[in-house]
Amino acid sequence: MGSVETVSDMIGLYALNVAIAIVIFIIGKWLAKKIADITQKLMLKNDKFDKTLANFLDDIIYYVLMVIVILTALKQLGVDTTSFFAILGAAGLAIGLALKDSLGNFAAGVMIILFRPFKVGDVINAAGVTGTVEEVSIFNTIMITPDNQKMIIPNGSITSGSITNINAKPQRRVDLVIGISYDDDIKKAKEILTSIVEADERVLKEKGITVAVSELADSSVNFVVRAWVNTSDYWAFKFDLTENIKLTLDKEGITIPYPQRDVHHYNKD
């Protein structure tokens, strides 16, 4: 009879521990979610805090707290957490080897989110692709190219090379090289080019304009034309300037040379 009572007590004790473990898990999961959400809201109250980073930290906090909750519940059940850590470590190593590339992209995503070389809305050149950043996630970055293609680029490919943030600054310099014939008047050409640039209202004249002979090339005298504009005006100004220079130089009789080849044919009698 005593042994039956002992078994009954053990079952009752184990059932109690299971019940406590379940309560720990349920309450712990609720608290973990609550703490993560509160932390995220506090981060997002700061306008300067990146939303992607806030979401990422929210997930990290939640999962770290859930690991603690699960370990606490297992300990309540009498599970040796030391051996559990050993199993978890071995499983982590195997998963890490199998998902090496994915983990590399994950690490790269963390670097992008923390150091913020670019943000959503920036126009960048990275991994051989130029486009507007639409989304930055942990594993990849989504970009929209100028011809409206959606490009999904692994973060590892982005951080492994150079990143050019094209519109990071509010102003950009337009650089053009214009060649004229050796027979043309250099001073007249310089005056024409200068007047074309100065006449455009988009040019930030306070930053200076450069029109100068840069090279005596094989078939042309090359001018460098440089002017500063707002980043939003860059491409429209560059296209307009190129067209205006061609039309004006043609009108003024200034020749823009192009490569030519003379072919001599000899008849052998």
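For the numbers below, each heavy atom of this structure counts, side chains included, while hydrogens, waters and symmetry mates do not.
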For residues [X] and [Y], report the shortest heavy-atom separation together with the two atoms involved.
X      : Y      : value
Ser137 : Asn155 : O-ND2, 3.0 Å
Val203 : Val197 : CG2-O, 3.4 Å
Ile180 : Ile186 : CD1-CA, 4.3 Å
Val136 : Thr141 : CG1-OG1, 4.1 Å
Ser157 : Ala127 : O-CB, 3.9 Å
Pro257 : Gly179 : CD-O, 3.4 Å

Should [X] and [Y] be counted in the same cluster of Ile, Leu, Val, Met, Phe, Trp and Tyr side chains packed under 4.5 Å apart?
X      : Y      : answer
Leu42  : Ile35  : no
Val64  : Val110 : yes
Val213 : Leu176 : yes
Ile38  : Leu31  : no
Trp228 : Ile209 : no

**Fill in**
Trp235 meets the ring pair (Phe, Tyr, Trp, His ring centres under 6.0 Å) criterion, sequence neighbours left out, with Phe239
**Fill in**
For Asp233, the salt bridge (charged side-chain N to carboxylate O under 4.0 Å, His left out) test, sequence neighbours excluded, returns none
**Fill in**
By salt bridge (charged side-chain N to carboxylate O under 4.0 Å, His left out), Lys207 pairs with (sequence neighbours left out) none
Would you compute the distance between atom [atom1] of [X] and atom [atom2] of [Y] and round it to the nearest 0.5 angstrom?
X      : Y      : atom1 : atom2 : answer
Asn140 : Ile112 : CG    : CD1   : 9.5 Å
Leu193 : Leu249 : CG    : CG    : 5.5 Å
Ser232 : Gln171 : OG    : CD    : 10.0 Å
Ile178 : Thr242 : CD1   : OG1   : 6.0 Å
Ile124 : Met143 : CD1   : CE    : 4.5 Å
Ile61  : Thr39  : CD1   : OG1   : 4.0 Å

**Message:** Other residues, nucleotides and ligands only: do more than 12 of their heavy atoms fall within 6.0 Å of CE on Met66?
**Reply:** yes
**Request:** Please check if atom OH in Tyr182 has more than 12 non-hydrogen atoms from other residues, nucleotides or ligands closer than 6.0 Å.
**Result:** yes
Do [X] and [Y] have side chains that approach each other closer than 4.5 Å (heavy atoms only, starting at C-beta)?
X      : Y      : result
Ile144 : Lys150 : yes
Phe237 : Glu201 : no
Leu241 : Asp200 : no
Asp183 : Thr255 : no

**Request:** Could you walk me through whether Asp184 and Lys188 pass the salt bridge (Lys or Arg N to Asp or Glu O under 4.0 Å) test, one step at a time?
**Result:** CA-CA 8 Å; Asp184 290 325; Lys188 179 181 178 182; over 6 Å; no
**Message:** So, applying side chain to side chain contact (heavy atoms under 4.5 Å, CB included) with Phe118, which one of Thr164, Ile158, Val123 is it?
**Reply:** Ile158
**Item:** From Ile70, Leu65, Val69, Leu71, residue fulfilling side chain to side chain contact (heavy atoms under 4.5 Å, CB included) relative to Val67
**Value:** Leu71
Acceptor/donor pairs from residues 215-227 side chains to any protein atom, 3.5 angstrom cut, sequence neighbours excluded:
residue : atom : partner : partner atom : Å
Glu215  : OE1  : Asn222  : ND2          : 3.2
Ser220  : OG   : Asn222  : OD1          : 2.8

**Prompt:** Is there a donor-acceptor pair under 3.5 Å between the side chain of Thr231 and the backbone N or O of Lys169?
**Reply:** yes
**Item:** side-chain contact (heavy atoms from CB on, under 4.5 Å) between Asn230 and Leu204, intermediate numbers included
**Value:** CA-CA 8 Å; Asn230 291 322; Leu204 304 175; 3.9 Å; yes
**Prompt:** Restricting to pairs with a member in residues 122-147, which pass salt bridge (Lys or Arg N to Asp or Glu O under 4.0 Å), not counting sequence neighbours?
**Reply:** Lys119-Asp122
**Request:** Sorted by first residue and then second, give each salt bridge (Lys or Arg N to Asp or Glu O under 4.0 Å) pair with at least one member in residues 237-247; sequence neighbours left out.
**Result:** Arg202-Asp240, Lys246-Asp250
